[in-house]
Novice: 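Attaching a single structure in structure tokens format; questions to follow.
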Amino acid sequence: MRKPQNAQQRSQGPQLEQRNAPPAYDPAAVEVKWRRVWAERRINVTDLRGAASPYYNLMMFPYPSAEGLHVGNVFAFVGADIHGRFQRLRGRDVFEPIGFDAFGIHSENYALKVNQHPGRLIPANIANFREQLRRIGLMVDWDHELATTDPAYYKWTQWIFLQLYKAGLAVRKRAPVNWCPECKTVLANEQVIDGFCERHPAVRVTQRLLEQWFFTITRYAERLLDNLKTLDWSESTRLLQTNWIGRSEGAELAFATPVSDPIRVYTTRPDTVFGATYLVLAPEHPLVEALTAGDRQADVRAYRSRVAQMDVVSRKVGERQKTGVFTGSYARNPATGESVPIWVADYVLMEYGTGAIMGVPGHDERDYAFAKHFGLEIRWVVRPAGAAARAPDPDVVDMPCTDWDGVLINSGQFDGLSCREAVPAITAWLAEQGFATPQVQYRLHDWCISRQRYWGPPIPVIYCDVCDVVPVPEKDLPVLLPPLEDFRPDESGVSPLARAEEWYRVPCPGCGNPARRETDVSDTFLDSAWYFLRYPSTEFPDRPFDRGLTEKWLPVDSYIGGNEHAVLHLMYSRFITMVLHDLGHLPFDEPYKRFRAHGTIVKDGAKMSKSRGNVVIPDAYIAKWGADTFRMYLMFLGPYQEGGDFRDDGILGQRRFLDKLWSTVLATGADDGGSERAVETKLHQTIRRVTASLEELRYNTAIAALMEYLNLLRETSGLGVSRPGASVARTLVEPMIVMLAPFAPHFAEECWERLGHAQSVFRAPWPAWDEARAREDEVEVAVQVNGKLRGRLTIPRGLSQQQVVDRALADAAVRRFVDGKAIRKVVYVQDKLVNLVV
RNA sequence: GCCCGAGUGGUGGAAUGGCAGACACGCGGGACUCAAAAUCCCGUGCCGGCAACGGCGUGUGGGUUCGACUCCCUCCUCGGGCACCA
């Protein structure tokens with residue numbers, strides 16, 4: 001960080017300077033004053049019912065950590081706030097709410113670490129965050145603040161669970177789950193990174209079998225995918241979701257077996273079925289036992305139990321040596337009619353497709369490795385494009401051919417077809433005989449919402465020996481989280497809530513017999529899957545979201561946030577919205593009309609992280625430079641949707657700009673109307689540029705355009721050289737203040753007031769530009785000879801090609817390169833460039 | 001391995017296929033000052049030249065075009081996502 005002299009000197013300026021010197025810009029005073037005025041005049045409070053032109057401006061609510069806001073949060077919020085303020089200046093009634101995502105593992109782990117109860121820690125963190133958020137000057141309507149830990153909120157989180165339960169979309173499954181020995185809880189697949197816990201990068205995740213609640217999001221896979229095409233979202237985010245859903249097309253093929261059930265396999269390459277020389281079942285496959293021959297029992301059992309002990313994740317990680325075991329049975333290849341051996345191997349996963357595959361070692365990397373290792377037959381049924389007419393010899397070519405651009409061989413009547421042609425042909429042929437069905441598969445998994453933890457909303461279910469699973473009646477919501485002093489998870493794998501005896505034991509709502517509460521709490525992502533629905537309706541204790549307000553304000557007009565939530569939060573909230581829509585609770589099925597992913601702020605080219613020790617804490621910068629300067633600096637770092645590199649130097653540039661603008665405002669005279677044409681032209685160009693830049697979230701270029709304009713304005717008015725008594729016309733200054741207001745709101749308000757306005761600058765209209773006035777009379781035309789720049793002409797706008805060429809040829813520098821040569825061609829771009837080809 | 005995104009001065013970055021480097025930081029020089037800070041002015045891609053000016057220049061190599069940072073192909077590096085998903 002820079003030495004503090006600058007700021008101190010600046011802020012002490014007013015006292016030190018001579019009596020008649022103008023007051024210096026004092027950000028601390030200006031910002032305190034305007035935050036007070038905004039609060040007093042309730043300027044950021046939206047009239048939700050009366051708004052004529054509603055605009056819902058959403059930003060991702062923070063998790064209130066003990067460390068406080070970091071610079072990444074500030075970057076995210078300021079960028080969204082600028083968008084909201086811009087919309088407001090354009091006449092929209094902007095609703096900009098904020099809240100706190102305060103449940104979850106983050107909070108609980110931190111509470112464990114400092115040995116304090118999260119119930120006491122979180123309110124303090126929230127108070128701290130609230131203050132920090134106020135200090136960065138957000139246009140937030142604090143009347144609608146919410147916290148997911150508030151029973152008035154999580155009552156409805158539980159209500160949503162019940163709606164899904166009633167609709168059959170919340171199901172209980174015994175399933176192998178990821179278990180983090182450090183968190184002592186189940187992790188979603190998304191929370192497992194390369195086999196390690198997201199929260200504990202050094203801790204390997206293992207496997208446990210637990211009864212869990214799942215939301216069957218997979219039933220919505222197709223819709224989640226299809227709707228994506230219609231959304232105005234960042235391309236990168238849509239792509240991440242598309243890949244996450246992972247749609248693939250293929251066919252399910254049936255291989256007859258000695259037992260009554262055939263083995264069904266899913267394949268994307270039915271064209272290679274003639275090359276299927278073996279089958280593989282996942283170790284958990286239900287047919288394994290029946291298909292294992294007597295003398296293979298011991299081997300198969302040993303193999304399966306070895307796999308069962310392995311954790312879910314490491315089984316899938318890396319290019320391990322393939323393992324497997326032969327069952328001793330054979331199945332019939334429906335295409336060739338031949339018998340093929342049935343194997344069991346852990347490279348086949350039960351959770352995807354049918355849990356069984358056909359092994360086509362000639363044309364699949366994994367099958368090839370497996371067949372090589374176990375000496376299984378490798379048969380080529382595709383000749384790669386460009387290869388010789390004969391099939392390549394597996395003994396010579398030591399790799400499979402996974403090419404789609406090949407031609408079938410060794411495939412009976414299908415020989416000669418291209419792979420692409422063969423897929424539908426073979427599928428149809430097998431389908432006729434009852435051996436095939438076209439099939440679409442998705443990679444997406446169901447959403448496990450159970451957490452064996454304390455700090456979350458209890459899942460509202462009661463277990464009764466008579467009635468089995470009984471949902472808590474809606475009238476009994478919320479199921480309050482019991483105030484448990486010792487909230488530590490233990491090795492049992494059971495939630496700490498099981499130890500709250502009084503809470504745990506309840507009469508069954510159905511039959512009144514003694515029953516037990518579900519002791520798991522729900523995933524934090526469920527809390528955040530619907531928070532945007534709650535904001536407009538925070539005042540209603542009796543409904544999750546008011547129908548009228550919801551219709552008026554939703555879906556969200558603009559959502560700006562980080563791409564780290566591209567597949568989890570954004571997918572889950574889309575899913576919940578779809579379900580609530582289908583159940584008749586919402587009139588729309590997509591929550592966010594427009595989503596923009598902002599970039600990441602890095603430090604010295606590296607991601608900020610505690611372990612690197614390069615985390616930038618914004619507080620000191622704001623204290624020293626003021627929030628407005630800091631906001632502008634962050635936005636100037638680079639394109640908002642790409643992020644930027646935070647450096648301590650550089651912030652001074654933004655402060656200099658505001659200082660210069662400040663002195664310009666103080667030197668603004670009465671409207672003399674005598675503005676120079678060049679400045680006026682530049683003003684209209686600037687309005688056009690800033691408007692376009694703001695629409696595209698290109699905040700860095702918007703600021704640059706304002707700087708350019710101010711530089712010209714000061715130069716032409718004599719302010720730059722501190723000419724005594726120099727003044728500048730009001731009409732040339734005021735639009736700039738309005739355009740700056742989204743970036744530096746406190747500063748703009750103060751300037752606006754000093755310019756004589758009684759109303760907030762945010763009541764002013766966004767300046768309009770006039771195309772005619774933005775156009776220059778004279779243009780500079782580049783003169784190229786053979787594409788190389790050889791001269792420039794300043795000429796009146798609108799000359800004909802011939803006139804321009806004549807003038808270009810009058811230029812000595814140009815003639816040097818043209819003289820003595822014939823001009824073969826002339827390319828003229830009106831008022832911009834002329835290229836003489838000689 | 002597969003799918004995205006990005007490589008431009010000392011630095012952050014700017015440029016609907018049409019003057020590469022806007023804007024800003026930093027740096028050099030000057031003014032003001034007893035001096036410093038702040039402020040203001042001038043300069044600042046690289047090479048050659050006193051200069052006029054010339055040559056080179058947007059990760060690499062090729063291509064399309066009158067003209068390419070921009071479009072196409074190859075490769076390299078960095079960042080992100082997915083990954084035994086059949």
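A note on names: the letters A, B, ... follow the listed sequences, proteins ahead of strands, and every chain is numbered from 1. Treat the numbers as computed from the prediction; the structure is a model and nothing was measured.
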Novice: Does rA38(B) have its OP1 or OP2 closer than 4.0 Å to a side-chain nitrogen or oxygen of K660(A)?
Specialist: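 Looking at the OP1 and OP2 atoms of rA38(B), neither is under 4.0 Å from any side-chain N or O of K660(A).
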Novice: Taking rA6(B) as the reference, what is the distance to rG17(B) when you measure between their P atoms (whole Å, please)?
Specialist: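 Comparing P positions in rG17(B) and rA6(B) gives a spacing of 14 Å.
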Novice: Given atom CG of N711(A) and atom C1' of rA14(B), what is their separation to the nearest angstrom?
Specialist: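 N711(A) atom CG is separated from rA14(B) atom C1' by 15 Å.
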Novice: Give the nucleotide from the list rC23(B), rC84(B), rG54(B) with an atom nearest to the side chain of K322(A).
Specialist: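 From the listed options, rC84(B) comes nearest.
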Novice: Salt bridge (Lys or Arg N to Asp or Glu O under 4.0 Å) for R689(A) and E708(A)? Distances and angles first, verdict last.
Specialist: CA-CA 11 Å; R689(A) 276 176 68 187; E708(A) 269 186 59; 3.4 Å; yes
Novice: Is the distance between the ring centroids of Y633(A) and F646(A) under 6.0 Å?
Specialist: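 Here the rings of Y633(A) and F646(A) have centres that are less than 6.0 Å from each other.
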Novice: What integer distance in Å separates E235(A):CD from rA6(B):P?
Specialist: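 To the nearest whole Å, that distance equals 12 Å.
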Novice: Are R656(A) and rU39(B) close enough that a side-chain N or O sits under 4.0 Å from OP1 or OP2?
Specialist: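 Checking rU39(B) against R656(A), a side-chain N or O does come within under 4.0 Å of OP1 or OP2.
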Novice: Give the ring-plane orientation class for Y699(A) versus F743(A), where under 30° counts as parallel, over 60° as perpendicular and anything between as tilted.
Specialist: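 Taking F743(A) first and then Y699(A), their aromatic rings stand perpendicular (interplane angle over 60°).
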Novice: Heavy atoms under 4.0 Å, any strand shown: does R816(A) hit a base, just sugar-phosphate, or nothing?
Specialist: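 Sugar-phosphate contact only - R816(A) comes under 4.0 Å of backbone atoms but never of a base.
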Novice: To the nearest Å, give me how far apart CD (E780(A)) and P (rG18(B)) are.
Specialist: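 It works out to 17 Å between those atoms.
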Novice: When the P atoms of rG21(B) and rG43(B) are considered, how many whole Å apart are they?
Specialist: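 The answer is 15 Å between these two P atoms.
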Novice: Are a donor atom and an acceptor atom from the side chains of S236(A) and N563(A) found within less than 3.5 Å of each other?
Specialist: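 A pair is found: one side chain offers a donor N or O, the other an acceptor, under 3.5 Å apart.
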Novice: Syn or anti for rG9(B)? Use the chi torsion, O4'-C1'-N9-C4 for purines and O4'-C1'-N1-C2 for pyrimidines, with syn inside 90° of 0.
Specialist: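 Syn, angle within 90° of zero.
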Novice: Nearest-nucleotide wise, let me know which of L240(A) and G653(A) is further upstream toward the 5' end of RNA chain B.
Specialist: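 That would be G653(A).
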Novice: State which residues pass salt bridge (Lys or Arg N to Asp or Glu O under 4.0 Å) with R698(A); sequence neighbours excluded, sorted by chain then number.
Specialist: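 Here no residue qualifies.
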Novice: Roughly how many Å is it from CD1 in I703(A) to P in rC25(B), rounded to a whole number?
Specialist: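 Spelled out: CD1 on I703(A) to P on rC25(B) is 13 Å.
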Novice: Do Q641(A) and E696(A) have side-chain N/O donor and acceptor atoms under 3.5 Å apart?
Specialist: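 Side-chain D/A pair, Q641(A) to E696(A): absent.
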Novice: In whole angstrom, give me the gap between the P atoms of rG5(B) and rC71(B).
Specialist: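 After rounding to an integer number of Å, I get 11 Å for this pair.
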Novice: Using a 4.0 Å heavy-atom cut-off across all strands, classify L239(A) as base, sugar-phosphate, or nothing.
Specialist: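 The answer is sugar-phosphate, as L239(A) gets under 4.0 Å only of primed atoms, P, OP1 or OP2.
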Novice: Would you please enumerate the stems RNA chain B participates in, each stem being three or more consecutive Watson-Crick or G-U wobble pairs with both distances under 3.5 Å?
Specialist: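 Ordered by first number, the stems with RNA chain B (at least 3 consecutive pairs each) read B:1-7 with B:76-82, B:10-12 with B:23-25, B:26-31 with B:39-44, B:45-48 with B:53-56, B:61-63 with B:71-73.
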Novice: What is the distance, to the nearest angstrom, from the CG atom on L658(A) to the C1' atom on rA24(B)?
Specialist: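 About 13 Å, once rounded to whole Å.
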Novice: Will you find, in the side chains of T664(A) and R714(A), an N or O donor that is under 3.5 Å from an N or O acceptor?
Specialist: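 A donor-acceptor contact under 3.5 Å links the two side chains.
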Novice: Using 30° and 60° as the class limits, which term best fits the ring planes of Y25(A) and F747(A): parallel, tilted or perpendicular?
Specialist: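 Judged by the thresholds at 30° and 60°, the geometry between Y25(A) and F747(A) is perpendicular.
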Novice: So among F374(A), Y278(A), Y303(A), which one has a ring-ring contact (aromatic ring centres under 6.0 Å, His included) with W343(A)?
Specialist: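 With W343(A) as partner, ring-ring contact (aromatic ring centres under 6.0 Å, His included) holds for just one option, F374(A).
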Novice: Verify the distance criterion only: is there a donor paired with an acceptor across the side chains of Y828(A) and N835(A) at less than 3.5 Å?
Specialist: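 There is no such pair between these side chains.
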Novice: Could you measure between the two C1' atoms, the one in rA35(B) and the one in rA51(B), and give it in whole Å?
Specialist: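 That atom pair is separated by 38 Å.
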Novice: Where the side chain of R443(A) is defined as all heavy atoms beyond and including C-beta, which of rA14(B), rA86(B), rA83(B) is the nearest nucleotide?
Specialist: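 It is rA83(B).
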Novice: Name every residue in residues 694-702 of chain A that has at least one heavy atom under 4.0 Å from any atom of RNA chain B, in order of residue number, or write none if there are no such residues.
Specialist: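 Close to the strand are R698(A), N700(A), T701(A).
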Novice: Would you mind telling me which residue lines up with the more 5' stretch of RNA chain B, R647(A) or S236(A), judged by nearest nucleotide?
Specialist: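 Its nearest nucleotide lies further toward 5', so the answer is S236(A).
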Novice: Can you tell me how the ring of F75(A) sits relative to the ring of H598(A), calling it parallel under 30°, perpendicular over 60° and tilted otherwise?
Specialist: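 Correct class here is perpendicular.
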Novice: Nearest whole angstrom, please: distance from the C1' of rG54(B) to the CZ of R790(A).
Specialist: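 Nearest whole value for this atom pair: 8 Å.
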Novice: State which residues pass salt bridge (Lys or Arg N to Asp or Glu O under 4.0 Å) with R775(A); sequence neighbours excluded, sorted by chain then number.
Specialist: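 So R775(A) forms no salt bridge (Lys or Arg N to Asp or Glu O under 4.0 Å) with any residue.
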Novice: Shorter than 3.5 Å, N or O on both sides, protein versus nucleotides 69-73 of chain B: list them out with atom names.
Specialist:
none

Novice: Reckon Y352(A) has a side-chain N or O less than 4.0 Å from the OP1 or OP2 of rA86(B)?
Specialist: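 Yes, because at least one side-chain N or O of Y352(A) sits under 4.0 Å from OP1 or OP2 of rA86(B).
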Novice: Determine whether the side chains of S693(A) and T701(A) contain a donor N or O and an acceptor N or O closer than 3.5 Å.
Specialist: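 A pair is found: one side chain offers a donor N or O, the other an acceptor, under 3.5 Å apart.
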Novice: Report the distance from atom CG of D346(A) to atom P of rA86(B), rounded to the nearest whole Å.
Specialist: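 Atom-to-atom, D346(A) to rA86(B), this comes out as 17 Å.
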Novice: Can you tell me which nucleotide in rU16(B), rG54(B), rA24(B) comes closest to the side chain of F636(A)?
Specialist: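 It is rA24(B).
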Novice: I'd like a list of close polar pairs between nucleotides 66-68 of chain B and the protein, N/O only, cut-off under 3.5 Å.
Specialist:
from	atom 1	to	atom 2	distance (Å)
rC66(B)	O2'	N835(A)	ND2	3.3
rC66(B)	O2	N835(A)	ND2	2.6

